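Order of the sequence lines fixes the chain letters, A, B, ..., with proteins taken first and strands second; residue numbering starts at 1 for each chain. Note that these values count all heavy atoms, side chains included, but never hydrogens, waters or copies made by symmetry. Because the structure is a prediction, the values reported are computed rather than measured.
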Amino acid sequence: MAVPLTVEFSGGLEALFNNERSINLSLESRDGSENSPTITDLVVYLCEKVMMDKRRELFVIDGYHVRPGVLVLINDADWELVGEENYVIQPGDEILFASTLHGG
Amino acid sequence: MAVPLTVEFSGGLEALFNNERSINLSLESRDGSENSPTITDLVVYLCEKVMMDKRRELFVIDGYHVRPGVLVLINDADWELVGEENYVIQPGDEILFASTLHGG
Amino acid sequence: GDIAVPELDLEEYVRYGRQMLVPEVGKRGQIALKQTKVLVVGAGGLGCPALLYLSGAGFGTIGIVDHDTVSLSNLPRQTLYSTASIGKLKVDAAVDELRSRNANVKYVSHPVAVRHDNIFEIVRHYDIVLDCTDTPMTRYLLGDATRLLSKPLVSASALRTEAQLVVLNMGAEGPCYRCVFPDPPEHVQACSDAGIIGPVVAVAGVLQSLEAIKLASGHNGGQPPTMTFFSAIHGRPWRCVRIRGRQKSCSVCGDAPTVSESDITTGKYDYADFCGGSLDSNQY
Amino acid sequence: GDIAVPELDLEEYVRYGRQMLVPEVGKRGQIALKQTKVLVVGAGGLGCPALLYLSGAGFGTIGIVDHDTVSLSNLPRQTLYSTASIGKLKVDAAVDELRSRNANVKYVSHPVAVRHDNIFEIVRHYDIVLDCTDTPMTRYLLGDATRLLSKPLVSASALRTEAQLVVLNMGAEGPCYRCVFPDPPEHVQACSDAGIIGPVVAVAGVLQSLEAIKLASGHNGGQPPTMTFFSAIHGRPWRCVRIRGRQKSCSVCGDAPTVSESDITTGKYDYADFCGGSLDSNQY
Ligand SMILES: [Zn+2]
Ligand SMILES: [Zn+2]
C-alpha cells in the first residue's frame with residue numbers, strides 16, 4: 001500500500017539530493033506486498049530512485065544502513081524511540097535525515 | 001458536540017490563569033446546540049469557568065472580545081487567516097493566546 | 001549616473017571570507033551588504049547583539065539611534081558596554097566598541113530619542129530598519145514611518161523568559177506593524193519592571209541581525225509572512241506562525257489610509273493619545 | 001565544614017537586578033549562579049557569544065579553554081575580539097574583554113588544546129561544561145570526559161546556515177554524546193571550509209549560555225531529552241525533537257562500558273584512531 005510522506009534533509013545532506021530540502025513521496029513496501037513501507041524501504045528508494053549524487057557513501061554504508069553521523073527524525077522524534085529502520089511509515093509522516101554538524 | 005482542544009498562554013497571560021501555560025479542554029458550543037464551538041465560545045468559557053484572576057480586562061474588553069495586544073494563533077496560524085472569532089474549533093486544535101511583548 | 005559597484009579589498013576578502021564561502025551569501029551577497037545601510041533603533045538588550053553581528057557581517061553603513069547613557073544595570077545584556085562605559089552615551093560607547101572590531105563599516109550616531117518630528121528624516125536615509133526599542137509608542141512610530149517610507153522593518157521584543165520577532169513591510173501585500181497590532185495594549189498596571197534574562201533578549205537581537213543579512217543578500221522575500229515566538233523555559237520553545245497580510249482596513253497602509261507622513265511629522269497625529277496609558281513596557 | 005552561602009553586595013543587586021526580577025531566577029537563582037563554575041571549551045564562534053552572556057549573568061567562575069590566537073577572519077563572529085586582538089591568545093583577549101564588563105566573575109584561562117591527557121584534570125573543577133569546539137575528536141573527548149565525571153554538557157554546533165544544540169549527561173538516564181552519536185562520521189572529502197554566517201553560530205552560542213543559566217538556577221531537569229535544530233534560510237526554521245535516552249549499549253555509559261577515565265588519560269583509548277579521517281569539521 002502506497003503511503004504519502006515528506007522526506008527532509010539538513011546539515012548538508014540536501015547536496016546529495018539536488019539541493020532539495022523537502023520531497024513529497026508516495027512509497028510502497030519494496031517487497032511489493034500490501035504492507036506499509038518501513039524506513040529501510042524509504043532509504044532504499046532514496047538511494048535507487050531519488051539520489052542524484054554518486055557519492056552514496058555520504059548517506060548509507062554497508063548496503064542501506066544510514067551512515068554514522070546522520071540522525072533520523074520521524075515527526076520530531078529520534079528514530080531510536082520508534083523502532084529505527086523497522087519503523088512502519090504512516091500516512092503524512094515527516095522524516096528528516098539530519099547530518100550532525102561539528103563546526104563552532 | 002464537545003470538542004477536545006488545547007489552550008496555551010504566553011507573554012504573561014498565563015498569570016491570569018494560575019500560571020498554567022497549557023490547558024486541555026473539552027468544549028461545547030455555548031448555545032447548547034450540536035454545533036462545534038467557536039473561538040468566541042472558548043473565550044467565554046475561559047472567562048467564566050477557568051480564569052482565576054479577577055482582572056478580566058487584561059484578557060477581554062467590551063464583553064468577550066480578546067483585548068488589543070493579544071494575538072490569537074490557531075495551529076500556528078494567525079486567527080485572522082481562518083475567520084477570527086468565528087473560527088469553528090476542530091478536535092485536537094491548539095489555540096495560543098499570546099500577549100505582544102514590547103521590551104527590548 | 002551609475003554608482004560604481006564597490007569591490008572588496010584584500011582585507012575584506014580575508015575578514016569576510018568564511019561568510020562569503022556560504023553559497024547563500026557569496027561575493028555577490030557580501031558586496032550587497034557593503035552597499036546596504038541598516039538602522040538600529042535602540043542600543044539596549046536587542047540592539048547590542050544585533051549591532052555586533054551587523055558590524056561583523058560588513059554592512060556598509062550602520063546607524064544607531066539611542067539617547068540614553070549606560071547604566072550598571074544594563075551590563076548583563078547590553079553587551080557592547082563595559083564598566084568603563086557607565087555614564088557615557090550609548091551611541092558613543094557602541095560606536096567605539098564596534099569600530100574597534102570593524103573599521104570598514106561607516107557608523108552613524110543618532111543620539112536622540114525617536115520622536116514624531118525626527119523619525120522620517122532619520123529613517124529615510126537607510127535601507128533596512130531594526131526596531132530594538134522598548135515601548136509601544138516607539139514601536140508604532142517606527143512601524144508607521146518605515147511603512148510610509150517603504151523600508152523593511154525587523155521588529156523584535158523580549159521580556160522575562162520570552163521573545164518575539166517579525167519582519168514587516170515586505171512588498172505591497174506584506175503586513176505593517178499596525179496591520180498586525182491595530183490597537184495598542186492598554187496600560188493597566190503601575191510601572192514596574194518585569195525583568196529579563198540576557199540570552200533571551202540576545203537571541204532575538206541576533207535573529208534580527210540575521211534577518212537583515214538575509215534581506216540585504218536577497219534571501220527574504222516571497223515567503224508568506226511569519227512571526228517567531230521563543231519561550232526559554234516553559235512550553236514549546238519555538239513557534240513560527242503564519243501571520244496575516246496587509247489589512248485593507250489598516251490606517252497606515254490599508255485601502256483608505258488615514259495617517260500620512262505629514263500627519264505624523266506635524267504632530268497632527270498624536271501618538272501619546274493613541275498609545276494612551278501604554279507608554280511603558282507591558283507587564284502583568 | 002559548611003561553605004558559607006554567598007550573599008550579594010549592592011553592586012551585584014544593581015547589576016543583576018533585572019535578571020533577578022525574573023521569577024524563574026530570583027535572588028535564589030542569582031546566588032546559585034554565583035556558586036556555579038562553568039567551563040567553555042572553545043573561544044570561537046560559539047564560545048564568544050556564550051562567554052559574553054555567561055559573564056553578564058554572573059556565574060561565579062568561568063573557565064575558558066582555547067590554544068588558538070586571534071585571526072582577522074575570526075572577527076565577524078568571534079565577537080569578543082577586536083582588530084587590536086589579532087595575534088593575541090584568544091583566552092587572554094577574551095578574559096580582558098569579559099573582565100572589563102564584569103569583574104565580579106573569576107575567569108580562569110586554559111591556553112591549551114583539549115587532549116586526552118589534560119581533559120579530565122580541567123573538567124573536574126567545573127560544574128557545567130559547554131562544548132564550543134569544532135571537530136569530531138574534541139566533541140567525543142568532551143562527551144566522554146563529562147559523562148565519566150558526571151558533568152552536564154551543553155553541546156552545540158553550526159555550519160553554513162544551520163545550527164544544532166543538545167544538553168547531555170542529565171541524570172542517570174539521560175543520553176551522553178556517544179549515546180546519540182555512537183560512531184563518528186567518516187572523513188570522505190578533502191579539507192575545505194564550508195563557511196558560516198555569524199548570527200547562525202551566535203544563536204547557538206547564546207542558547208548554550210541560556211541552558212547553562214537554566215541548569216545552574218534549577219530549571220533544566222526532569223524533562224525528556226531534546227535536541228534543537230535551527231535552519232536560517234531554508235525549510236522549517238526551528239525544530240525541537242525528542243531524542244533517545246541513555247543507551248544500554250553505550251561504550252561509555254551503557255550497562256557494560258568499555259571506555260574508562262584511565263583508558264582515556266593513559267592514551268590506551270585512541271581517539272585519533274576512533275575518529276579516523278574525521279579529525280576535521282564535516283563538509284559536503
Ligand atoms: Zn498596515
Ligand atoms: Zn552514553
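With a 4.5 Å cut-off on non-hydrogen atoms, Gln247(D) touches chain A through its side chain but not through its backbone. Of the atoms belonging to Ala204(D), not a single heavy atom falls under 4.5 Å from chain A. Proximity to chain A is limited to the side chain of Arg139(D), based on heavy atoms less than 4.5 angstrom apart. Heavy atoms closer than 4.5 Å to chain A are found nowhere in Arg77(D), neither backbone nor side chain. In this structure, chain A has a heavy atom under 4.5 Å from the backbone of Thr133(D), while its side chain stays farther away. Neither the backbone nor the side chain of Glu20(A) comes within less than 4.5 Å of any heavy atom in chain D.
Nearest approach of Pro184(D) to Pro68(A), heavy atoms of both residues: O-CB, 3.7 Å. Nearest heavy atoms, Asp78(A) versus Ile243(D): CB-CA, 3.5 Å. The minimum heavy-atom distance between Gln164(D) and Ser99(A), with the atom names listed, is NE2-O, 3.0 Å. The minimum heavy-atom distance between Leu101(A) and Leu159(D), with the atom names listed, is CD1-N, 3.9 Å.
Glu8(A) pairs in a side chain to side chain donor-acceptor pair (under 3.5 Å) with only one of the listed residues (Arg239(D), Arg236(D), His234(D)), which is Arg239(D).
Between Arg21(A) and Glu162(D), at least one side-chain N (NZ, or NE/NH1/NH2) sits under 4.0 Å from a carboxylate O, which counts as a salt bridge.
Side-chain N or O atoms of Glu80(A) include none that pairs as donor or acceptor with a backbone N or O of Arg244(D) at under 3.5 Å.
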